[in-house]
Peer 1: 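Right, I'll just put the structure down here and ask away after.
So you know, we letter chains A, B, ... as the sequences are listed, proteins then strands, and number each from 1. Computed from a predicted structure; not experimentally measured.
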Amino acid sequence: LSIATTKRDLVISLKDREFRAAFNLENVYTTISFQLRAIREQREMSQGQFGQEVKPRMAQERISILEDPNSEFKPTLNTLLRLADAADVGLEVRFVPFSTVLKRSVNTSLNDLQVTSFEDELPSIEAEIAFETALEKYDVLTVGPVNHLTNNLGATIYEFPRNALTETAMAAAAGATNATATSTPQAVGY
Amino acid sequence: MNAWLFLDYIDERGTNPIQDWLMDKRAVPVKARAKIQRILLQLAGTELWTRPLASNLDDYEGIVEIRIRWMNTQYRLLGFRGPENRHFSLLVPSVEQDDKFVPPTAPSIAITRMGIVISDRRRIIEHRYY
């Protein structure tokens, strides 16, 4: 079944307000329970080991309950923040359009659930900032405008005139994670 | 790309007992259907299924049950991994009451239907997430 077909099926049901409200709720708790397990296993930790990382400590049985989508026990925001701290990941709680709920509901692979810790992510964050800083300087000081496009993978493409690409920007682009400079020239940053 | 493709059993009259059950509000309230569909979507993307959400059914070789609890009702969807690699065929919907299946013959029906699906691939259709 294609993602488009799955989305189309869900939209048919989401037109029913009762289904929509219920799906919203289940989407939150199902995602949390599966994501908690995915993040814990990504760190190669047992439930007991992960519970030791939570402050204050959380019993293995409690982690098990939190990972069970059928559990009647629903985590509070404070519990989620404690879990996020233990995994060293961010927690984002915000209202979104249903199109976002729909998109996330059909992208349920392990890759979609796992989250890199801040420590592991830091080098790529810093490289991205360096790249963006160089582009900002470039926008202001040289020729501008820089075209900000998005490719079919969702990555941002910075496209700028060839002879205006300064050495500084090139160096920053080369240093940025997953960034490349092509002969167009064109830099892609994820 | 999903890890699993869910399929529904089709009976000899060409009807889909899984979809009919899901859409029957007396059997499955709307809120329960939302939970069942959301969990199936999650399982479709997940490589490993673990207890208590999914487990092999004792005494019925090859049959796997997916347990989904909503309010005080334990839904037990019986199926099997197949007929192709990365397929999971939903065969019989049931609920649990007093530690027993309702209908009580659900596991044996699942065994029969598994045999039918293995010998005739026309007796399955892709599961829809209505």
Peer 1: Could you report the tightest heavy-atom contact between Pro69(A) and Ile39(B), atom names first, then the distance?
Peer 2: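 Between these two residues, the closest heavy atoms are CB-CD1, 4.0 Å.
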Peer 1: Which atoms of Glu18(A) are under 4.5 Å from chain B, going by heavy atoms: the side chain, the backbone, both sets, or neither?
Peer 2: both
Peer 1: Please classify the contact between Asn107(A) and chain B as side chain, backbone, both or neither, with a heavy-atom cut-off of under 4.5 Å.
Peer 2: neither
Peer 1: Given heavy-atom pairs under 4.5 angstrom as the criterion, report whether the side chain, backbone, both or neither of Pro52(B) touches chain A.
Peer 2: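 The answer is the side chain of Pro52(B).
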Peer 1: With rounding to the nearest 0.5 Å, note down the distance linking CG in Leu43(B) to OG1 in Thr108(A).
Peer 2: 8.5 Å
Peer 1: Which of the residues Lys31(B), Lys35(B), Arg69(B) is involved in the greatest number of heavy-atom pairs with chain A at under 4.5 angstrom?
Peer 2: Lys35(B)
Peer 1: So how far is it from Gln37(B) CD to Phe23(A) CZ, rounded to the nearest 0.5 Å?
Peer 2: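 The distance works out to 8.5 Å.
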Peer 1: With no hydrogens and no angle check, is any side-chain donor or acceptor of Asp9(A) less than 3.5 Å from a backbone partner on Tyr129(B)?
Peer 2: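 Indeed, once roles are kept as given, a pair shorter than 3.5 Å links the two residues.
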Peer 1: Of all the heavy-atom pairs spanning Ser13(A) and Tyr130(B), show the shortest one and how long it is.
Peer 2: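 In terms of heavy atoms, the two residues are closest at OG-C, 2.6 Å.
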Peer 1: Is it possible for you to say whether Val95(B) and Leu53(B) belong to one hydrophobic cluster, with membership spreading through side-chain heavy-atom contacts below 4.5 Å?
Peer 2: yes
Peer 1: Sort by residue number and list every residue of residues 29-62 of chain A having at least one heavy atom under 4.5 Å from chain B.
Peer 2: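 So the qualifying residues are Thr30(A), Thr31(A), Phe34(A), Arg37(A).
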Peer 1: Enumerate by number any residue of residues 110-118 of chain A whose heavy atoms lie under 4.5 Å from heavy atoms of chain B; in the absence of such residues, state 'none'.
Peer 2: Leu110(A), Leu113(A)
Peer 1: Between CG of Asn72(B) and CD of Glu72(A), what distance do you get to the nearest 0.5 Å?
Peer 2: 6.5 Å
Peer 1: Might you confirm whether atom NZ of Lys74(A) has over 12 heavy atoms from other residues, nucleotides or ligands at distances under 6.0 Å?
Peer 2: yes
Peer 1: Applying the 4.5 Å side-chain criterion to the ILVMFWY set and letting contacts propagate, would Leu14(A) and Met23(B) be lumped into a single cluster?
Peer 2: no
Peer 1: Just wondering, are more than 12 heavy atoms of other shown residues or ligands nearer than 6.0 Å to CZ in Arg104(A)?
Peer 2: no
Peer 1: What are the two closest heavy atoms between Thr6(A) and Leu41(B), and how far apart are they?
Peer 2: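 Shortest heavy-atom separation between Thr6(A) and Leu41(B) comes out as CG2-CD2, 3.5 Å.
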Peer 1: List the atom pairs, donor and acceptor, that lie under 3.5 Å between side-chain atoms in residues 105-117 of chain B and the rest of the protein, sequence neighbours left out.
Peer 2:
{"unit_1": "Ser108(B)", "atom_1": "OG", "unit_2": "Thr105(B)", "atom_2": "O", "d": "2.9"}
{"unit_1": "Thr112(B)", "atom_1": "OG1", "unit_2": "Ser108(B)", "atom_2": "O", "d": "3.1"}
{"unit_1": "Arg113(B)", "atom_1": "NH1", "unit_2": "Leu91(B)", "atom_2": "O", "d": "2.7"}

Peer 1: Hey, does the side chain of Asn70(A) reach the backbone of Arg67(B) with a donor-acceptor pair shorter than 3.5 angstrom?
Peer 2: yes
Peer 1: If hydrophobic clusters are built from ILVMFWY residues whose side chains come within less than 4.5 Å, do Phe80(B) and Ile10(B) share one?
Peer 2: no
Peer 1: Report whether Ile65(A) and Leu81(A) are members of the same hydrophobic cluster (ILVMFWY, side-chain heavy atoms less than 4.5 Å apart, transitive linking).
Peer 2: yes
Peer 1: Could you go through residues 83-93 of chain A and list every donor-acceptor pair under 3.5 Å that involves a side-chain atom there, pairing it with any protein atom two or more places apart or in another chain?
Peer 2:
{"unit_1": "Glu92(A)", "atom_1": "OE2", "unit_2": "Arg94(A)", "atom_2": "NH1", "d": "3.1"}

Peer 1: At a 4.5 Å cut-off on heavy atoms, which part of Asp68(A) comes close to chain B: side chain, backbone, both, or neither?
Peer 2: side chain
Peer 1: Mind checking whether Ile18(B) and Val102(B) sit in one hydrophobic cluster, side chains of I, L, V, M, F, W, Y counted as touching below 4.5 Å?
Peer 2: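 In one cluster: yes.
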